[in-house]
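The block underneath contains the structure these notes are about, expressed in structure tokens.
First the proteins, then the strands, lettered A, B, ... as listed; each starts at 1.
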Amino acid sequence: MQDTFPPLATSNGPRYGPYGGAYVPETLVPALHELEAAFEDATADPAFGHRLQHLLHHYAGRPTPLTLATRLSETLGGARIYLKREDLAHTGAHKINNALGQALLAQRMGKLRIVAETGAGQHGVATATVCALLGLQCVVYMGVADMARQQPNVFRMHLLGAEVRPVDAGRCTLKDAINEAIRDWVTHVHTTHYLLGSALGPHPYPRMVRDFQRVIGDEARQQILSVEGRLPEVLVACVGGGSNAIGLFYPFLADRAVKLVGVEAGGKGIETGHHAARFADPSLGRPGVLHGTQTYVLQDPDGRITPTHSISAGLDYAAVGPEHAWLRDLGRAQYTHVSDAEALCAFQRLSELEGIIPALESAHAIAEAIRLAPRLGPDALMIVNLSGRGDKDVPTVATMLDAGTRGGAG
Amino acid sequence: MSRIAATFESLRNAGRAALMPYLTLGYPEQDSALSLVPALVEAGADLIELGIPFSDPLADGATIQAASQRALANGMTLAHCLEQAALLRAGGVRVPFVLMGYYNPILQMGLAGFVQRAATAGIDGVIVPDLPPEEATTLHSLLHSRGIDLVFLVAPTSGDERLRLIAGRSTGFLYMVSLTGVTGAREQVAPGLASWVARVRSVTDLPLAVGFGISTPGQAAQVARFADGAIVGSALIEAIGGADDPAAAAAAFTASLRAGMDRCQKLDDSSDHQ
């Protein structure tokens with residue numbers, strides 16, 4: 001009973017319970033079929049696996065460490081907190097794992113032009129990086145609001161030879177960037193691969209991204225067993241689209257004693273409506289279809305997608321990956337939320353106590369760990385996915401802290 | 001036979017192609033359709049595509065995106081769209097109405113409730129651009145139980161096997177996306193259109209209506225030479241958008257499309273020495 005979880009462990013098809021599917025214009029359906037076939041073919045080919053492993057090791061720097069956060073754990077006086085250090089992967093976030101996998105796949109399909117969307121810029125940077133590595137043309141769509149708050153990453157993408165196309169529609173954030181990337185893909189589908197950065201979108205993306213990201217959980221599982229000789233009580237990860245979370249959770253799904261906690265962006269507070277917590281606000285978050293997949297979506301009663309807010313560009317998105325929706329309904333994973341202010345506080349606390357500046361996205365997971373750890377005994381073990389590093393957020397945080405000390409609202 | 005199928009059949013018998021203008025409902029003002037639709041019919045439209053505005057229209061280019069945003073800002077919802085269709089029917093408009101909209105608003109209304117209300121409003125067909133046949137089973141059977149056509153799209157990327165599958169599910173007509181891309185006016189008709197239409201003809205007897213990028217009377221005329229219908233959206237919205245009198249602008253533009261298509265048909269007839 002302990003080691004079986006059949007509805008999930010075998011879910012390589014288009015559906016996760018009622019969620020998932022492929023709700024796309026007909027133009028893209030054949031491309032999705034081609035992509036699925038290429039993915040199956042590649043994963044069955046040892047040469048593809050070796051090449052990916054080689055690059056993950058020698059280029060991206062994997063495996064990433066599992067670091068015991070000694071001072072943070074002692075200060076909180078509860079569980080021993082381990083950090084899975086995706087911030088130490090090349091480009092500073094877990095996004096490189098998926099970008100490498102999909103870019104190799106695109107090359108194998110003979111699609112030498114890559115389009116991608118980006119919110120925080122981490123996926124854009126990872127995509128621009130692998131395109132430089134493999135000699136692929138790269139176009140990244142990014143909302144102008146996100147470009148303003150993640151300027152260092154915009155400049156990095158330019159340095160890496162990518163074209164960054166500003167998206168000035170809707171709220172000018174991740175959702176709007178995905179719309180534009182899909183429109184580009186529809187128009188150039190014969191030559192172009194859409195390198196989607198999270199575990200969402202139409203089948204086979206949620207599955208493919210999960211499979212390229214499960215290296216996080218596979219490593220973490222092995223590492224905690226080797227250091228502690230047992231599995232942890234809890235895993236914690238932030239959830240925007242949910243790729244870092246599903247990557248960490250997936251290899252532990254069958255370990256029913258391991259509690260899985262996903263952390264959404266609570267923004268200015270659920271009651272204000274200014275957030276990106278799809279599971280936390282029944283007045284806005286309901287099953288629906290966005291960007292090709294059926295899942296929990298923030299929307300008004302007429303089915304229009306509602307604006308979202310988060311301090312963190314990477315979590316500022318109206319839908320969640322369909323496998324998370326299913327894990328939530330099954331009760332296999334719990335989802336909670338952390339406000340902008342709590343994330344900002346956690347950002348500072350981890351920096352001061354551990355010498356690690358987390359991405360604002362990852363700071364949401366840290367904030368939940370800070371809440372949760374004291375409630376667990378000192379023998380408990382927790383792994384928090386430190387999905388990215390915070391250098392990109394330093395200008396934003398400086399502005400907000402400055403506003404805070406001057407008595408502003410932050 | 002559905003009203004849509006009957007319309008295509010009578011046009012085919014008359015040797016004419018159908019003109020199917022597309023409007024985003026709620027644009028430029030919330031109730032503009034109430035005057036625009038009768039003007040389109042008067043100017044020679046055979047069927048009308050009633051577009052439901054959506055916040056994230058990912059198959060649409062800049063023109064329909066902007067029209068959709070304006071319509072949403074005007075407070076337009078799917079429920080309002082159906083109310084306006086019913087009002088137009090009550091006002092005596094008889095041409096087939098084809099409702100076109102993305103899946104999420106329909107899903108939120110509830111599929112059964114949507115179909116019920118669409119039937120009451122006098123909707124003849126439904127097009128959902130982000131709902132390929134694989135995902136459409138439930139909506140398909142609900143619509144058919146009320147005699148409403150579910151019209152599917154085929155794209156130049158669809159292989160022959162897939163064309164057969166889609167044509168097998170579509171009723172009323174088949175919506176042929178003329179090119180690999182999103183909606184929006186283009187300088188010219190996609191170069192491979194004749195052979196693309198021929199490829200679809202070889203797998204189905206359904207009427208074929210061509211849309212995406214059809215913007216001028218000349219282009220509509222070109223489409224009318226091979227296909228059974230021409231769908232014009234973005235160019236019509238552009239014509240309405242800049243006008244002081246949207247209904248007059250819509251009528252003038254539609255009449256020019258109609259004249260272009262009929263002239264082409266006449267030329268074909270006169271060159272046809274039987």
Flag side-chain contact, heavy atom, 4.5 Å: B:Ser158 against A:Glu26: yes

Under 4.5 Å from any heavy atom of chain A - which part of B:Ile166: side chain

Heavy atoms of other groups near B:Gln188 CD, more than 12 under 6.0 Å: no

Residues in salt bridge (Lys or Arg N to Asp or Glu O under 4.0 Å) contact with B:Arg199, at least two apart in sequence or another chain: B:Asp160

Contacts of residues 125-138 of chain B with chain A (heavy atom under 4.5 Å): B:Pro129, B:Asp130, B:Leu131, B:Pro132, B:Glu134, B:Glu135

Flag side-chain contact, heavy atom, 4.5 Å: B:Phe54 against A:Ile305: yes

Per-residue contact mode, A:His291 against chain B (heavy atom under 4.5 angstrom): both

Contacting moiety of A:Ala22, where chain B heavy atoms sit under 4.5 Å: both

B:Leu107 versus chain A, the contacting section by heavy-atom distance below 4.5 Å: side chain

Residue pair A:Val189 / B:Thr157, side-chain heavy-atom distance below 4.5 Å: yes

Side chain to side chain donor-acceptor pair (under 3.5 Å): pairs with one or both residues in residues 61-70 of chain B, sequence neighbours excluded: A:Arg183-B:Gln65, B:Glu29-B:Arg70, B:Thr63-B:Glu238

Atom group of A:Pro287 that falls short of 4.5 Å from chain B, counting heavy atoms: backbone

Portion of B:Pro156 that has a non-hydrogen atom of chain A nearer than 4.5 angstrom: neither

CD/B:Glu161: more than 12 non-hydrogen atoms of other groups inside 6.0 Å: no

Partners passing ring pair (Phe, Tyr, Trp, His ring centres under 6.0 Å) against B:Phe8 (at least two apart in sequence or in another chain): B:Phe173

